[in-house]
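Keep in mind that this is a model prediction, so the values were computed, not measured.
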Amino acid sequence: MTFTFLHSQMTEGFTYLDNGDFEKAEAFFFDYLKTNPNNKTAKLCYARAVGLSGEPEKATSLFKDLLTEYPEDFEILINYNESYLWSKEYEQAKPLYESLLKKYPKEFVAVLGYANTLSNLKQYEIALEWIEKAIALDSTNRSARTSRKYIRLGYANEFVNNQEYDKGEKLIHHIFEDFPEDKDALLNLANLYLITKEVDLAKATYWRYATTQKDTIIARNGISLAEHIGEKDKEALKVATRNLTEVKNIYDFELTERTNDRYIQALIWNGKFPKAKKEIRVLEEKYGTRDWLSALKATLGLYTGDPKSSIAHYDVILQNDSASFDGNLGKANALFAADKIMPAYQMAFKTLDYYKNQKDALGFIEKLDLMHLPNIQEHGAFSFDNGKNQAYFTNTTVEIPWSTKFRTHLSYMYRSTQNTASGNEASSHVLLAGLQYKLLPKTNVMLAMGVNNSISMNDRYSQPLIDAQLQLQPFKLQNLNLVYQREIQNFNADLIEREIVQNHYGLNYNLGTNFNLGWYTQAMYTLQSDENVRSLLFTSLYYTLLKKPALKMGVNYQYITFKDQVPIVYFSPEQYQAFEVFVDVRGEFSEKLDFMASAATGIQKVEEDPDTNIFRAELGLQYEVSNYFNLKIYGKYSNIASATAAGFEFSEVGLKFKWMFTKQPLYQKSVGQ
């Protein structure tokens, strides 16, 4: 600030102001004015000290009184305008600065104040123009360059929020021209690289930041997150564990909290849930109820399949801070995990109310949209077996989600099959119409009905088809599917000609755990129109070795029995058993190209026959042409006797695609939209 005159008796007060000791300055000038009540400079300094010590509204009133006494005094006017910045009343400050600049267009403090006002109003492009004017008026002024730094940081953040990352990065790099290796710029640059998943650049930037013991701990907290984003969770935990030890050597309460936070996050990322839970409990005893601890408990709930507890913990955060980003978007994710889709939408939109164009919130909404878009699915395949059977089929399905709870579908399948040895040929036309309705979160009912029209060389007939399912989650990490199906056996021409109707009654059950072990079981009881009865049991115990790529290994057991044995017609042993070990891997070659591969081998026993070896395998590639269209090719082989109704070696190659033919769901996503 520039003063029009100084008095030696006020030097001490000026020193307090210059050093930022505003409360001391306020007390000094308050006492000074008792003996010198008409001193304009003392009144001005007192009002300034009052405002900067935490009472900006009072300062504004004092400056207004001074303007009554000294109208059009530039020194008072500039302080009066600045008092609105102290009270964050930027809209009121803007016209005041514009009026002042008409009279004093070359006054540095007026130009600088206007630039800062525009910056606080997030009008960064114009603010940059005015801060350049201020620097042109006084190129040596450090405060102007500091203002330019924060304007650039704000503008860069706006570019990042709009996903214009190159522009944001360029602006941040310009800051280093004024302030080489500036700490704020380095942290913002590292965060940008985290958002764009440029992990190596993020880590390198954090290491540039790590010039002191404290800054090294801050950097390692960021590096741990970078390792997680780079899918190296073990390394993330290693870094976080080291940091937890070293933070004990400094006395910084906030940094200690952030380091504990990152360490527990890393435990959760690595599936060390009991230890994470224990550490949270210890920290609660030490710190009490804190938002970051509630966030950790919420995250733990999401990772362990307990979204209801996560919602409760996020509610605690939102009670303390309704604008909390973690609270709002975290609750949206928890609601989605709890299968409460519309409330999840609403929380995501609420996040955007507070954080305009926020990438994660927009991505979350897009994910929900893609799950509920009208779509067409096509599946075509060619199969053959060592019984000289060949078949081609195509299945087209149109699915229309009318809401987050209700969707319908219509499908048509054509299958043509022939036996090249006997010359027998047949075909089937299957038309199905169905619906799916969510009775409750994670409780769906599905019903499809239609007709199968089959044509063989000697016959032609039509049969009704039914597929009814109840999908539910009775307990945490458990899924149960109750099934009834009425279908026609149409694997090959001989079976189609015999018009065998099958009525399946069964269940599928999957049990997950928080320690990577899973168990899947299918039980099916089938009544056939030829008066035969089949019972089937398939059970699989599997273990997840890796998350990315998803690598799973396990053992399968299958048992089948038929009431009547008609081996000439179809595979129907009195007793069939198979035991196999399998491996399944799924991952991505790139952002657009996914792969899957599975293989199983073991032994099978048909009645009293000797054991025989079995092998089956499948390979698949899926390419995401766009968010709205994906294409998959696959091939599979099996010599397991139960793989086909005839008990032959069997191979298939196929093509699938899915096209979402609208860009938005048909339903209204949030109240008021």
Worksheet item: Going by an N to O cut-off under 4.0 Å, is there a salt bridge joining K232 and E235?
Response: no

Worksheet item: Salt-bridged, E279 to K275, with N to O below 4.0 Å?
Response: no

Worksheet item: Would you find a donor on one side and an acceptor on the other, under 3.5 Å apart, between the side chain of N162 and the backbone of E164?
Response: no

Item to complete: For atom NZ of K183, decide whether the heavy atoms of other residues, nucleotides or ligands shown that lie under 6.0 angstrom number more than 12.
Response: yes

Discussion item. Would you say that more than 12 heavy atoms from the other residues, nucleotides or ligands in this model lie under 6.0 Å from the CD of E125, or not?
Written reply: no

Worksheet item: For residues D184 and Y150, is any side-chain donor paired with an opposing acceptor at under 3.5 Å?
Response: yes

Item to complete: Before accepting this row, confirm whether a basic side-chain N of the pair E231/K547 lies closer than 4.0 Å to the acidic partner's carboxylate O.
Response: no

Worksheet entry | Minimum side-chain heavy-atom gap F179-K149 below 4.5 Å | yes

Fill in: Residues D178, R152; criterion salt bridge (charged side-chain N to carboxylate O under 4.0 Å, His left out); working and verdict
CA-CA 12 Å; D178 290 330; R152 283 171 168 167; 3.7 Å; yes

Worksheet entry | For D261, salt bridge (charged side-chain N to carboxylate O under 4.0 Å, His left out) partners two or more places apart | none

Worksheet item: Salt bridge or not for R290 and E284, using N-O below 4.0 Å?
Response: no

Fill in: Distance-only donor-acceptor check, side chains Y165 and E169, under 3.5 Å
no

Worksheet item: With sequence neighbours excluded, what pairs up with L100 under the side-chain contact (heavy atoms from CB on, under 4.5 Å) test?
Response: F74, L77, I78, N81, Y104, A110

Discussion item. Suppose the criterion is salt bridge (charged side-chain N to carboxylate O under 4.0 Å, His left out): which pairs have a residue in residues 345-370, not counting sequence neighbours?
Written reply: D369-K669

Worksheet entry | D21 (side chain) donor-acceptor with K24 (main chain) under 3.5 angstrom | no

Item to complete: For Y84, check ring pair (Phe, Tyr, Trp, His ring centres under 6.0 Å) against everything at least two apart and list the hits.
Response: Y80

Discussion item. A156: which residues meet the side-chain contact (heavy atoms from CB on, under 4.5 Å) condition with it, sequence neighbours left out?
Written reply: L171, I172

Discussion item. What I want to find out is whether E69 reaches K43 closely enough, with some N-O distance under 4.0 Å, to be called a salt bridge.
Written reply: yes

Worksheet item: Distance-only, no hydrogens or angles: does the S224 side chain make a donor-acceptor pair with backbone N or O of A236 under 3.5 Å?
Response: yes

Fill in: Residue pair F29 / M10, side-chain heavy-atom distance below 4.5 Å
yes

Item to complete: Mind jotting down which residue pairs meet the salt bridge (charged side-chain N to carboxylate O under 4.0 Å, His left out) criterion with at least one end in residues 237-247? Sequence neighbours excluded, please.
Response: R220-E246, R242-E246

Worksheet item: Does a side-chain heavy-atom distance below 4.5 Å link P665 with L373?
Response: yes

Practice prompt. State whether the side chain of Y90 and the backbone N or O of K122 hold a donor-acceptor pair below 3.5 Å, judged by distance alone.
Written response: no

Fill in: Flag side-chain contact, heavy atom, 4.5 Å: I218 against L187
yes

Discussion item. Tell me every residue that passes ring pair (Phe, Tyr, Trp, His ring centres under 6.0 Å) with F589, counting only those two or more places apart in sequence or in another chain.
Written reply: F595

Discussion item. For residues 76-98, which residue pairs pass the salt bridge (charged side-chain N to carboxylate O under 4.0 Å, His left out) check, not counting sequence neighbours?
Written reply: R48-E82

Practice prompt. For residues M371 and F336, determine if any side-chain heavy atom of one lies less than 4.5 Å from a side-chain heavy atom of the other.
Written response: yes

Practice prompt. Identify whether the distance between the nearest side-chain nitrogen and carboxylate oxygen of K103 and E72 falls below 4.0 Å.
Written response: yes

Worksheet item: So do S143 and L112 actually touch side chain to side chain, heavy atoms under 4.5 Å?
Response: yes

Response to the item:
For S590, the side-chain contact (heavy atoms from CB on, under 4.5 Å) test, sequence neighbours excluded, returns K592, L593

Discussion item. Whether the side chain of T196 engages the backbone of Y193 through a donor-acceptor N/O pair (distance < 3.5 Å, no angle test) should be reported.
Written reply: yes

Worksheet item: Are L194 and Y206 side-chain neighbours, meaning at least one heavy-atom pair lies under 4.5 Å?
Response: yes

Side-chain donor-acceptor contacts of residues 130-138 below 3.5 Å, not counting sequence neighbours, with atom names and distances?
| unit_1 | atom_1 | unit_2 | atom_2 | d |
| --- | --- | --- | --- | --- |
| E132 | OE1 | R148 | NH1 | 3.0 |
| E132 | OE2 | R148 | NH1 | 3.0 |
| D138 | OD1 | T140 | N | 3.3 |
| D138 | OD1 | T140 | OG1 | 3.0 |
| D138 | OD1 | N141 | N | 3.4 |

Practice prompt. Scan residues 262-271 for pairs that pass salt bridge (charged side-chain N to carboxylate O under 4.0 Å, His left out), counting only residues two or more places apart or in two chains.
Written response: none

Worksheet entry | Centroid-centroid distance, F253 to Y287, less than 6.0 Å | yes

Worksheet item: Does any non-hydrogen side-chain atom of Y354 lie less than 4.5 Å from one of S322?
Response: yes

Worksheet entry | Nearest-0.5 Å distance, CG of residue L186 to CG of residue D182 | 7.0 Å

Item to complete: For Q622, check side-chain contact (heavy atoms from CB on, under 4.5 Å) against everything at least two apart and list the hits.
Response: D594, N630, K632

